[in-house]
**Student:** 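Submitted below is the structure of interest, expressed as structure tokens.
Chain naming here is simple, since letters A, B, ... match the order of the sequence lines and numbering starts at 1 in each. Both backbone and side-chain heavy atoms feed into the values below; hydrogens, waters and symmetry mates do not.
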There are 2 protein chains.
Amino acid sequence: MADDMTAHSFDDVVRIEEETSSSQTGRSKPVRIEEVARLADVSPITVSRALRNPDLVSEKTRKRILEVVQETGYWSNPHASALRSGRSSIVAVFVSNLLSQQYTRAAQACAQVIEANGLQMMVGQTSYSYSRELTAIQSLRALRPAAVFLTGVIELEENRRMLRDLNIPIVESWAHTRDPIDMLVAFSNVDAGRLAATHLANRGFKRPAFIGRGGGRGKLRLQGFTERLSQRDLPLTGSVVVDQVESIENGRSAYRKLQESGVSFDSVFCANDLLGIGAMIEAGAQGQRIPEDVGILGFGDRSDLAALSPRLSLVGVDTSQIGRQAGEMILSRLNGEEAPERLCVDLSLLQGVTT
Amino acid sequence: MADDMTAHSFDDVVRIEEETSSSQTGRSKPVRIEEVARLADVSPITVSRALRNPDLVSEKTRKRILEVVQETGYWSNPHASALRSGRSSIVAVFVSNLLSQQYTRAAQACAQVIEANGLQMMVGQTSYSYSRELTAIQSLRALRPAAVFLTGVIELEENRRMLRDLNIPIVESWAHTRDPIDMLVAFSNVDAGRLAATHLANRGFKRPAFIGRGGGRGKLRLQGFTERLSQRDLPLTGSVVVDQVESIENGRSAYRKLQESGVSFDSVFCANDLLGIGAMIEAGAQGQRIPEDVGILGFGDRSDLAALSPRLSLVGVDTSQIGRQAGEMILSRLNGEEAPERLCVDLSLLQGVTT
DNA sequence: TTGTATGCGTTATCAG
DNA sequence: CTGATAACGCATACAA
């Protein structure tokens, strides 16, 4: 089969010419502030001010300067700026995993907020590893970032201190913690479990079960789930703890495992992204009617799961809201305004057809 | 339901103390090259050389310098370095969409390669928009990146020129094009279609159909599919063109649409990530046996789809290979070595149970 | 409101 | 192989 695949064809890439190119092209040397100053007939420092603190420059000169900036396409050299001021316009964002949309969605939302304000986002990956975390923080520290946003909470005291010593706005997120390094945007994983239990109880299910990870956030979700169930005088009928939660297949097998355990459940709270979809698919494949025979409730990022499997009911978090909030907190602080130290992001129930 | 959700609990975040902290902490002023030089009893420039061009410094002094660097935790200031040398250690990576694992997987792989060599990755998003592309490129240009990697091909001539004028290694990717700006890592979308057709033919299917996007790469995949089918004396039995390819639901509805079109097909090539899963689920839900009643063939990133739906057969690309190759090409060029101008990434067939 | 003098930390250049 | 000197482009501090 391979042999007839050797020659490859060229894909059609449309080549688009610009309409009226007003911008200078082919320029090898970037414009410097000095040239702008010369053309606007002011000193370099006035240009600098006109761009960073417009209020300090008279209406008239400012206008003239901005015109020249336009014409020349001047863009300040961020390295020179950072070197002199000791602070760059880079906001460092550390995601736990670049491959998980939960985190990239937050990063993206944060980027939108800060980029609108002339800051740039730099994404790094901590890979759930303390040592990677350390290296990432070290090299980013050298860049003198203006602020840091993390999709997680830093646990290692040494890494916490290193970040704190930067003396810049730091936003941790994703989970509550008693003493964040600086600011925090979180949702409660325990509440997620409670909300799931409340919902299943309200929908009239009597024998709820649980599928999820045994540690970390999964554990917390189970804790809230169990607690609220007992408040509603319902038993936790069964539970399956899984390690692998990366694929739909994991959800299917966990569901089968729950069945094999012999308990008689009428509903399941699947406390992790893909587990819910897997359980739904497996139940459907077995010919069970949903939600008449069994109710399935998932958990995860609202937008992700709604796109992936729009019929699934789920306890949802809006992770892009986390990123947006983080961005806004950072901006406030950089502008010298007050910013909340701790923000709580709402969980919500997204009603599909499975409960 | 909401009212009993107001109080939130603190999640258990383990706080970990470092064991034996040999590193200096609480240091507010970073060490400068001057101090290292003083302690090693050489001039600053020798320290600089010892770190960047060890060969130019004698074994003995180099050893002494590196010791001091270790002790002091010296890390060069990238801004000062970039300012003076006109080149930073940042590699700019532009992904079309941060939310698509296809691209982030490539970015991640590229990061692994370059970070091992002391470079840092900065991720930007072009969002499939020419103007976003322009802004992103402009602000990144200011950072004087060492190289650029794009998960796509730049079409707008003005943007192409801007990148070319940077005079640094540029890697485009994802599709073939006649004249890349500099280097290219691509796979052939037409070949993907050919490979799909060959596979279905070899497996004995007689009436293949197609589901995919009507434009861009989808079109190219259909082109190759049709061409190869006719070479094997098979008809294209039916085809459904969709715009939305973001969810499994889109795949399910496309499959129904194909059925409603009245044609009698025995297999489908779904030329986009989630369409294949959707078709597989829908066929299964209707009680059709796979692959006896109908064969389903997907297309996409190997690792993504294997994780999401391991049973689906698919024409796969290893997008992390694209990123890795790009990273290596960049490194070669930065080290003054020769690097290939164009690299072709293999497509492969991942055998699941659906064909 | 604007300008002058100076230095941020590094590396290119050239000399030894 | 090593060092002295200057310069990268901007923003702080202070003066006018």
**Student:** Could you tell me the separation between the CG atom of A/Leu184 and the CH2 atom of A/Trp174, rounded to the nearest 0.5 Å?
**Tutor:**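 If I round to the nearest 0.5 Å, the distance is 12.0 Å.
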**Student:** Count the heavy atoms of every other residue, nucleotide or ligand shown that sit under 6.0 Å from CD of A/Glu34, and state whether that count exceeds 12.
**Tutor:** no
**Student:** Would you please say whether a donor-acceptor pair under 3.5 Å links the side chains of B/Arg62 and B/Ser58?
**Tutor:**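 Checked: B/Arg62/B/Ser58 side chains show no N/O donor-acceptor pair below 3.5 Å.
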**Student:** Between B/Glu172 and B/Thr151, is there a donor-acceptor pair closer than 3.5 Å when you use the side chain of the first and the backbone of the second?
**Tutor:** no
**Student:** Within residues 36-49 of chain A, which residues have any heavy atom lying less than 4.0 Å from an atom of DNA chain C?
**Tutor:**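 A/Val42, A/Ser43, A/Ile45, A/Thr46, A/Arg49, in order of number.
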**Student:** So among B/Arg164, B/Arg342, B/Arg333, which one has a salt bridge (Lys or Arg N to Asp or Glu O under 4.0 Å) with B/Asp182?
**Tutor:** B/Arg333
**Student:** Using a cut-off of strictly less than 4.0 Å between a heavy atom of the residue and any atom of DNA chain D, enumerate the qualifying residues of residues 58-66 of chain A by number.
**Tutor:** none
**Student:** Taking all non-hydrogen atoms of both residues into account, name the closest pair between B/Val47 and B/Ala37 and its distance.
**Tutor:**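 Shortest heavy-atom separation between B/Val47 and B/Ala37 comes out as CG2-CA, 3.7 Å.
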**Student:** Atom CD1 in A/Ile65, atom CZ in A/Arg49: separation rounded to 0.5 Å?
**Tutor:** 9.5 Å
**Student:** Any ion pair linking A/Arg160 and A/Glu157 (charged N to carboxylate O, less than 4.0 Å)?
**Tutor:**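 Here A/Glu157 pairs with A/Arg160 in a salt bridge, since their nearest N and O are under 4.0 Å apart.
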**Student:** Going by side chain to side chain contact (heavy atoms under 4.5 Å, CB included), A/Phe149 matches just one of A/Ile330, A/Val123, A/Val185, A/Ile114. Which one?
**Tutor:** A/Ile330
**Student:** Does any pair with a residue in residues 73-87 of chain B pass side chain to side chain donor-acceptor pair (under 3.5 Å), and if so which ones, sequence neighbours excluded?
**Tutor:** A/His79-B/His79
**Student:** Shoot me the first and last contacting nucleotide of DNA chain D against chain A, ordered 5' to 3', at under 4.0 angstrom to non-hydrogen atoms.
**Tutor:**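 Contact span on the strand: D/dG9 to D/dT12.
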**Student:** Which residues, if any, of residues 74-86 of chain A bring a heavy atom under 4.0 Å of DNA chain C?
**Tutor:**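 Those residues whose heavy atoms fall under 4.0 Å from DNA chain C, taken from residues 74-86 of chain A in numerical order, are A/Leu83, A/Arg84.
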**Student:** For DNA chain C, note the earliest and the latest nucleotide, 5' to 3', having some atom under 4.0 Å of a heavy atom belonging to chain A.
**Tutor:**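 Here the contact window of chain A covers C/dT1 to C/dG9.
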**Student:** Does B/Glu337 CD have over 12 foreign heavy atoms under 6.0 Å away?
**Tutor:** yes
**Student:** Salt-bridge test for B/Arg64 and B/Asp41: reply yes if a basic N is under 4.0 Å from a carboxylate O, no otherwise.
**Tutor:** no
**Student:** What's the shortest heavy-atom distance between B/Ile322 and B/Ser173, and which atoms?
**Tutor:**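 Distance-wise, the nearest heavy atoms are CG2-CB, 3.8 Å.
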**Student:** Give the minimum heavy-atom separation between A/Leu334 and A/Pro169, together with the two atoms involved.
**Tutor:** CD2-CG, 3.9 Å
**Student:** Would you compute the distance between atom CD of B/Glu328 and atom CG of B/Asn117 and round it to the nearest 0.5 angstrom?
**Tutor:** 9.5 Å
